[in-house]
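To keep things clear, I will list the structure first and then write my remarks on it.
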Amino acid sequence: MSEPLPLILESPRRGQPPRHWADLTPAQRREYVEAAGHRAFRARQLSSHYFEGLRTDPNEWTDLPETVRASLAAAFMPELLREVRTQTADQGDTVKTLWRLFDNALVESVLMRYPDRVTMCVSSQAGCGMACPFCATGQGGLQRNLSQAEIVEQVVDGARRLRRGDIDGDRVSNVVFMGMGEPMANYKAVIGAVRQLVAPTPDGLGMSARGITVSTVGLVPRMQQLATEGIPVTLALSLHAPDDELRDELVPINTRWNIDEVVNAAWEYARQTKRRVSIEYILIRDVNDQAFRADLLAKVLKRRGNWGWVHVNLIPLNPTPGSRWTASRRRDEDEFVRRLRDKGVPVTVRDTRGREIDGACGQLAATDTDA
Ligand code: SAH
């Protein structure tokens, strides 16, 4: 095996993007608007333009006097994401966008339409410090944490695309933190962004917390903290192996918080929030897809009781460039599913979207050569 990559938990200290409306709480918005010399009620008008109208162009803020439009726009609506490229796949149902940030960092987001929902897959960091060897993002290390507004803006862009009719559907119903980065390593901005997504309009996008999924490699203290926030988002835990020896290799942070600890934290999250936790498990041929591992996975999960606290989501591996691993054989996948079902563990196999545009799980790896 090649030299393992280092784990990076702290974001390198870099310049932060300019302050944006979506970085502020409703109280701060009023306060800052007044501090900038405007009447406090302008805050509500601005929120309504941004979160309901999805309008950042001051020329469209026709209920505001022209003289105040430019100054409010300059103070609160800086451009945070510049579109570098957009690609579509799956007959137009999957749209991947590459963004350039203020400091030239690159991130990607993916909008996916399904018959019953529209899901926005967002990035929480530029790069990732978790160093999982099967994941394209993990190979480049961490550049920096995204700001709260840089996360919200990805969702607002998806909403705008729907409104323009680039993709069918009436609104973004689901947001999954499964793009680039480890959301629990950028906890404050991620929770702040989630609060903006679920705040009723016009203070936020008015989404349901149930439609939001935060996926993590298993930073236990943060999982515990998430359970106390009072926002019942869905927690997804990227387990990928039922035994520590293998998980140490596949998800290196396991050397800090092992399977027993992360599964306990997931169970606690389900117990406290009454939200069923999703266990993510990539199927990698002859690495973690053996029948005995399916049995062991069922055992690990059922040890915590059998009251429907958990659901297993199997993900066929999306091979990344240079990877020595490939997806499981069909019969091994079927047997893995059968064994979990036999033991009463609810399980589904994820349909992977956007493979041909490298937009599927684990394939997001924006680099300068992309741009
Ligand atoms: N850091 C978080 C969220 C981003 S990754 C986490 O790891 O959970 C979102 C999901 O995609 C995770 O379950 C991750 O393990 C999975 N993934 C990463 N690389 C993949 C690949 N090459 N094929 C399939 N899934 C992958």
Side-chain angles (χ1 to χ4, degrees), residues 5 7-9 11 107-110 112 119-142 145-146 151 154 174-187 189-190 193-194 212-220 222-223 226 233-241 246-247 249-254 256-257 262 265-266 269 277-285 287-289 311-328 333 348-356 358-366:
L5 291 164
L7 284 166
I8 314 166
L9 282 160
S11 172
V107 295
E108 294 181 311
S109 59
V110 188
M112 292 163 284
T119 300
M120 188 80 220
C121 176
V122 297
S123 294
S124 56
Q125 299 181 310
C128 184
M130 295 299 110
C132 302
F134 52 82
C135 174
T137 312
Q139 304 319 296
L142 176 64
N145 282 336
L146 298 193
I151 297 170
Q154 296 172 56
N174 297 70
V175 169
V176 297
F177 285 84
M178 295 191 182
M180 302 170 81
E182 165 50 44
M184 293 293 96
N186 184 16
Y187 189 85
V190 166
V194 168
I212 298 173
T213 299
V214 175
S215 182
T216 180
V217 290
L219 305 188
V220 166
R222 298 309 200 184
M223 293 165 76
L226 187 65
V233 295
T234 300
L235 179 68
L237 171 63
S238 296
L239 197 64
H240 306 328
L246 180 57
R247 194 167 190 266
E249 185 189 350
L250 296 182
V251 187
I253 198 74
N254 195 66
R256 182 130 1 153
W257 293 285
V262 292
Y269 186 86
V277 167
S278 178
I279 298 287
E280 310 291 295
Y281 195 105
I282 300 178
L283 288 172
I284 312 176
R285 183 183 299 184
V287 172
N288 68 350
D289 65 351
H311 168 268
V312 173
N313 199 356
L314 298 173
I315 315 171
L317 176 81
N318 290 305
T320 58
S323 166
R324 59 209 147 100
W325 288 318
T326 80
S328 299
E333 178 181 307
T348 47
V349 179
R350 179 179 299 173
D351 107 80
T352 57
R353 282 296 186 90
R355 274 192 194 211
E356 70 266 34
D358 289 345
C361 271
Q363 295 187 319
L364 302 185

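The chain is numbered in sequence order, starting from 1. On a predicted model such as this, the values are computed, not experimentally measured, just so you know. Atom set for the values below is all heavy atoms of this structure, side chains included, hydrogens, waters and symmetry mates excluded. Every number for a ligand or one of its atoms is a count from 1 in the order of the listing.
Of the heavy atoms in L237, none comes closer than 4.0 Å to ligand 1. When heavy-atom distances to ligand 1 are checked against a 4.0 Å cut-off, I282 comes that close only through its side chain, counted from C-beta outward.
Close N/O approach between F134 and ligand 1 is found [any backbone or side-chain N/O within under 3.5 Å]. The shortest N/O to N/O separation between S215 and ligand 1 falls below 3.5 Å.
Using a 4.0 Å cut-off to heavy atoms of L317, the atoms of ligand 1 that qualify are 21 (C), 22 (N), 23 (N). Near G179, with a cut-off below 4.0 Å to any heavy atom, the atoms of ligand 1 are 4 (C). Ligand-side atoms of ligand 1 in range of F177: 3 (C), range being under 4.0 angstrom from any heavy atom. Every atom of ligand 1 with a heavy atom of C135 under 4.0 Å away is listed here by number and element: 18 (C), 19 (N). Close approach to T216 involves these atoms of ligand 1, each under 4.0 Å from a residue heavy atom: 6 (C), 8 (O). Counting atoms of ligand 1 from 1 in the listed order, those under 4.0 Å from a heavy atom of G181 are 1 (N), 2 (C), 3 (C), 4 (C).
Taking the side chain as every heavy atom from C-beta outward, L146 and S124 never approach each other to under 4.5 Å. At least one side-chain heavy atom of V349 sits under 4.5 Å from a side-chain heavy atom of E333. Taking the side chain as every heavy atom from C-beta outward, D289 and I284 never approach each other to under 4.5 Å. Counting heavy atoms from C-beta on, the side chains of I151 and N186 come closer than 4.5 Å.
With distances taken over non-hydrogen atoms, the option nearest atom 8 (O) of ligand 1 out of C128, A236, S238, C121 is S238. Of the candidates H240, E280, M178, E182, H240 brings a heavy atom nearest to atom 14 (C) of ligand 1.
Qualifying side-chain hydrogen bond (donor to acceptor under 3.5 Å, both in side chains) partners for N254, counting only residues two or more places apart in sequence or in other chains: D244, R247, D248. Residues meeting the ring-ring contact (aromatic ring centres under 6.0 Å, His included) test with Y281, sequence neighbours left out: F336.
With values rounded to the nearest 0.5 angstrom, F177 atom CZ is found 7.0 Å from I212 atom CD1.
In terms of heavy-atom proximity, S238 sits nearest to S215 at OG-OG, 3.7 Å.
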